[in-house]
Amino acid sequence: MGVAWMMLSLAVPTGVEASAFDSAGYRIAHYRAPTRRAPEGVTRIAPEAAAMLRPGVDALFIDVTPVDSGAAMKPERMTIPGAHWFPESGRGGIDPAVERWLIGGVTRLTAGRADMPVIVFCLADCWMSWNAARRLHRAGYRPVWWLAEGSDGWRDLGLRLEPVRPERNRPE
């Protein structure tokens, strides 16, 4: 076993098939599966705690749910009020343009404050938010909080969701 395998084994949560991850430790397959542990350096936040925060004031809420394959030309999603939607930015083998769009968008939305709390979410049991939280932490954002229950957990609390369109300056 080489150094690359040892590094991957440190990044991959225990009990998860290693082939579901790339060499950088991002989930690249079977995105809808139970997620138990937050990525290294990221803190899991409960839906009840996230609901006590004011989006855009206390924390930046980032939704990374992918676009529904049946969506119209201008996709829309029901999400946490005040959240910013960066679809496809939670994939493992992410296109560099999409990664720049996510990180650049978060930089713009935080006015360059890498210390503004960022809450990343998707749906319940969705590894895309795990990937995006890891990606933002590696880009220097602190703290990054992972809302593992996603918009499903928010809705399950009886809280409303609102329509949102993808964040501006989307890569082509």
Side-chain angles (χ1 to χ4, degrees), residues 11 24-27 31-32 35-68 71 74-92 94-172:
Y26 291 100
R27 182 82 176 218
Y31 290 110
R32 290 304 303 269
T35 53
R36 303 284 181 245
R37 259 187 12 215
E40 186 177 339
V42 173
T43 302
R44 186 170 178 168
I45 187 170
E48 297 84 357
M52 295 173 58
L53 301 172
R54 298 167 296 167
V57 177
D58 300 322
L60 178 64
F61 283 65
I62 300 294
D63 185 339
V64 299
T65 306
V67 173
D68 181 357
K74 292 190 175 181
E76 186 174 272
R77 163 166 163 64
M78 297 301 287
T79 193
I80 295 171
H84 298 270
W85 186 27
F86 288 86
E88 309 304 322
S89 63
R91 295 209 180 266
I94 192 170
D95 181 308
V98 174
E99 184 171 23
R100 285 190 303 275
W101 172 54
L102 170 66
I103 293 170
V106 170
T107 299
R108 178 178 48 79
L109 292 166
T110 62
R113 286 187 47 214
D115 65 338
M116 181 175 191
V118 178
I119 297 176
V120 183
F121 66 96
C122 184
L123 304 170
D125 293 332
C126 179
W127 281 86
M128 289 194 187
S129 59
W130 189 95
N131 281 343
R134 185 171 194 265
R135 187 167 282 121
L136 288 171
H137 180 265
R138 292 180 88 183
Y141 288 92
R142 310 281 190 282
V144 176
W145 294 330
W146 175 53
L147 179 58
E149 295 81 2
S151 56
D152 294 335
W154 187 271
R155 183 201 61 230
D156 291 349
L157 287 177
L159 300 172
R160 74 180 180 84
L161 299 173
E162 69 180 18
V164 68
R165 292 201 182 267
E167 191 59 29
R168 66 185 176 127
N169 299 326
R170 184 175 175 160
E172 298 303 321

Exercise for review: Specify the closest pair of heavy atoms between Arg134 and Pro39, including all atoms of both residues, with the distance to one decimal.
Suggested key: CB-CB, 3.8 Å

Check your understanding: Do the side chains of Pro87 and Val64 get nearer than 4.5 Å, heavy atoms only?
Key -> no

Revision key, fill the gap. Between Ala124 and Arg32 the two heavy atoms that sit nearest each other are O-NH2, 2.8 Å

Point to revise | Closest approach of Ala83 to Phe121 (non-hydrogen atoms, all atoms of both residues) | key: CB-CZ, 3.7 Å

Check your understanding: Which pair of heavy atoms, one from Pro66 and one from Met128, lies closest together, and at what distance?
Key -> CD-SD, 3.6 Å

**Study point:** Distance in Å, Phe86 CZ paired with Cys122 SG, rounded so as to fall on 0.5 Å steps
**Key:** 14.5 Å

Practice item. Rounded to the nearest 0.5 Å, what's the gap from CH2 on Trp130 to CG on Asp125? Could you check? Key: 14.5 Å

Exercise for review: Output the distance between atom CD (Glu48) and atom CG (Leu159), rounded to the nearest 0.5 Å.
Suggested key: 9.0 Å

Practice item. Go through Ser151 and Leu123 one step at a time and tell me if the side chain to side chain contact (heavy atoms under 4.5 Å, CB included) criterion holds. Key: CA-CA 6 Å; Ser151 56; Leu123 304 170; 3.6 Å; yes

Check your understanding: Between OH of Tyr141 and CG of Leu136, what distance do you get to the nearest 0.5 Å?
Key -> 7.0 Å

Review point. So Leu109 and His84, side chain to side chain contact (heavy atoms under 4.5 Å, CB included) or not? Walk me through it.
Key: CA-CA 9 Å; Leu109 292 166; His84 298 270; 3.5 Å; yes

Check your understanding: Shortest non-hydrogen contact from Ala59 to Ile119?
Key -> CB-CD1, 3.9 Å

Check your understanding: Is the backbone N or O of Ile80 less than 3.5 Å from a side-chain atom of Glu162, with the two atoms forming a donor-acceptor pair by type?
Key -> no

Check your understanding: Are Asn131 and Tyr31 close enough that some pair of their side-chain heavy atoms sits under 4.5 Å apart?
Key -> yes

Review point. Is a salt bridge present between Arg91 and Glu99, judged by a nitrogen-to-oxygen distance below 4.0 Å?
Key: no

Exercise for review: Evaluate the salt bridge (charged side-chain N to carboxylate O under 4.0 Å, His left out) criterion for residues Arg138 and Glu40: first the C-alpha distance (whole Å), next the side-chain angles of each, then the deciding distance (0.1 Å), finally the verdict.
Suggested key: CA-CA 10 Å; Arg138 292 180 88 183; Glu40 186 177 339; over 6 Å; no

Exercise for review: Take Thr79 and Leu161 through the test side chain to side chain contact (heavy atoms under 4.5 Å, CB included) and record every step on the way to the result.
Suggested key: CA-CA 5 Å; Thr79 193; Leu161 299 173; 5.5 Å; no

Revision key, fill the gap. On a heavy-atom basis, the closest approach of Arg135 and Gly92 is NH2-O, 3.2 Å

Point to revise | Within-4.5 Å side-chain heavy-atom neighbours: Val120 and Val42 | key: no

Check your understanding: When rounded to the nearest 0.5 angstrom, what distance separates CH2 in Trp145 from NE2 in His137?
Key -> 13.5 Å

**Study point:** Spatial distance of atom CG (Leu147) from atom CG (Leu53) [nearest 0.5 Å]
**Key:** 10.5 Å

**Study point:** Intermediate values then yes/no, side chain to side chain contact (heavy atoms under 4.5 Å, CB included), Ile45 and Trp146
**Key:** CA-CA 6 Å; Ile45 187 170; Trp146 175 53; over 6 Å; no

Point to revise | Minimum side-chain heavy-atom gap Arg54-Phe61 below 4.5 Å | key: no

Exercise for review: Evaluate the side-chain proximity of Pro81 to Pro55: yes if any heavy-atom separation is below 4.5 Å, no if none is.
Suggested key: no

Exercise for review: With side-chain hydrogen bond (donor to acceptor under 3.5 Å, both in side chains) as the test, would you mind laying out the steps for Trp85 and Thr65 before giving the verdict?
Suggested key: CA-CA 8 Å; Trp85 186 27; Thr65 306; 5.0 Å; no

Exercise for review: Please lay out, stage by stage, how Asp63 and Arg77 fare under the test salt bridge (charged side-chain N to carboxylate O under 4.0 Å, His left out).
Suggested key: CA-CA 10 Å; Asp63 185 339; Arg77 163 166 163 64; 2.6 Å; yes

**Study point:** Glu88 side-chain N/O to Val67 backbone N/O, donor-acceptor pair under 3.5 Å
**Key:** yes

Review point. Charged N to carboxylate O under 4.0 angstrom, Glu149 versus Arg155?
Key: no

